[in-house]
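Worksheet: the structure to be examined is printed underneath.
Being a predicted model, the structure only gives us computed values, none of them experimental.
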Amino acid sequence: MTATGNTRVIGIIGPPCSGKSTVARQIESMGGVWLDADKIAKEQLTRSDVIDAIVLDFGAGVLLDDGTLSREKIADLVFGSSDESKARLKTLESIVHPRTRQEIRTALQAAREHRAEYVILDVPLLLESGWQSDCDEVWCLSVPPDRHQALLAARGWDLDELKRREKRQLPWDEKRRRSDWVIENDGSIDELTKKVRDRLGR
């Protein structure tokens, strides 16, 4: 962990539909800065240099008529079980991830310079990709299995796809062990809010 002066940097992890966005919005409402890596990565796909790099590797077939990228066509190419799909995913990540990481670092530095009270660092594979060293603490959301399955089903998540993705990650028992606080999201949103506020002393 690293101290960050007046800005408290909180890394947040948890399975899909576990409440990460709810917690992030709560902290944002208290004047915090929410750095959502998924959102930042999607924004990279609108940059001309990123579009050019993707077209160079994947061909003009990934473009729509207006010259923007077709996320559906890219998804068809990179999300699959074949070796070709996995190789294409690595190529896409090599284009998008370094730019996303730099955007996050720039935003994190700006938040510190502006003396933001909190930064919530919402990065997939936060522990695996080394972002923990930029955090003062890491929070891990945990949801009871039955409730989690219901939430995933309501969101339309494919459980087989979720399990496939989790094979490339640290086990959740290990992630919880390496976190500073495990948030048991087993009640209402109001109860979750109270837990967060108590943790922050608000």
Side-chain angles (χ1 to χ4, degrees), residues 1-43 100 103-104 107-108 110-112 114-202:
M1 301 297 171
T2 181
T4 54
N6 293 330
T7 299
R8 185 171 173 181
V9 181
I10 301 164
I12 190 166
I13 61 176
C17 302
S18 60
K20 295 191 301 295
S21 295
T22 300
V23 171
R25 279 192 292 269
Q26 289 169 1
I27 297 176
E28 195 175 40
S29 72
M30 300 177 204
V33 176
W34 178 11
L35 299 183
D36 182 346
D38 282 338
K39 180 181 178 182
I40 293 170
K42 288 176 182 176
E43 290 170 352
T100 301
E103 288 288 332
I104 293 171
L108 183 55
R112 288 169 172 159
H114 287 89
R115 306 281 180 153
E117 189 169 1
Y118 309 109
V119 170
I120 191 83
L121 198 54
D122 183 3
V123 179
L125 304 181
L126 182 140
L127 298 179
E128 293 88 339
S129 55
W131 281 105
Q132 187 175 11
S133 62
D134 290 274
C135 301
D136 294 294
E137 54 189 294
V138 174
W139 296 358
C140 180
L141 270 294
S142 182
V143 185
D146 291 348
R147 179 177 183 176
H148 192 215
Q149 286 191 9
L151 291 169
L152 288 168
R155 188 77 65 87
W157 274 79
D158 184 322
L159 291 179
D160 290 336
E161 172 64 12
L162 180 63
K163 290 177 181 177
R164 185 183 71 81
R165 293 187 185 190
E166 288 185 342
K167 286 181 180 178
R168 296 183 292 177
Q169 305 179 21
L170 289 170
W172 278 106
D173 285 347
E174 174 67 10
K175 290 188 179 186
R176 284 189 284 269
R177 187 187 68 78
R178 291 173 57 176
S179 298
D180 298 281
W181 183 37
V182 176
I183 313 174
E184 299 294 345
N185 186 10
D186 52 5
S188 65
I189 291 178
D190 285 345
E191 289 171 323
L192 181 60
T193 298
K194 185 178 185 307
K195 289 178 180 180
V196 171
R197 287 189 173 276
D198 287 347
R199 176 77 178 188
L200 296 176
R202 300 289 292 258

ask   = Between Q132 (side chain) and R178 (backbone), is there a donor-acceptor pair under 3.5 Å?
value = yes
ask   = Quick one: does R147's side chain have a donor or acceptor within less than 3.5 Å of a partner on G187's backbone?
value = yes
remark   = Closest non-hydrogen atoms of V119 and A111, given as atom of the first, atom of the second and distance, are CG2-CB, 3.5 Å
Please set out all donor-acceptor pairs under 3.5 angstrom arising from side-chain atoms of residues 16-24, sequence neighbours excluded.
from	atom 1	to	atom 2	distance (Å)
S18	OG	P15	O	2.6
K20	NZ	G14	O	2.9
K20	NZ	P15	O	3.3

Once rounded to the nearest 0.5 Å, what's the spacing between atom [atom1] of [X] and atom [atom2] of [Y]?
| X | Y | atom1 | atom2 | value |
| --- | --- | --- | --- | --- |
| I10 | I120 | CD1 | CD1 | 5.0 Å |
| D122 | D38 | CG | CG | 7.0 Å |
| D134 | L108 | CG | CG | 6.0 Å |
| I12 | W181 | CD1 | CH2 | 9.0 Å |
| D146 | L151 | CG | CG | 11.0 Å |
| T7 | H114 | OG1 | NE2 | 11.0 Å |

task = Test W172 against S142 for side chain to side chain contact (heavy atoms under 4.5 Å, CB included), laying out the working first.
result = CA-CA 9 Å; W172 278 106; S142 182; over 6 Å; no
With a 4.0 Å cut-off, would you call [X] and [Y] a salt bridge?
| X | Y | result |
| --- | --- | --- |
| E191 | K194 | no |
| D173 | R176 | yes |
| R199 | D180 | no |

query = Step by step, would you call L200 with R8 a side chain to side chain contact (heavy atoms under 4.5 Å, CB included)?
reply = CA-CA 10 Å; L200 296 176; R8 185 171 173 181; 3.7 Å; yes
inquiry  = Would you say that more than 12 heavy atoms from the other residues, nucleotides or ligands in this model lie under 6.0 Å from the CG of D198, or not?
reply    = yes
inquiry  = With side chain to side chain contact (heavy atoms under 4.5 Å, CB included) as the test, pick out the partner of L121 among I104, I13, D36.
reply    = I104
Can you tell if the side chain of [X] reaches within under 4.5 Å of the side chain of [Y], non-hydrogen atoms only?
| X | Y | value |
| --- | --- | --- |
| L192 | Q26 | yes |
| L35 | W131 | no |
| M30 | R197 | yes |

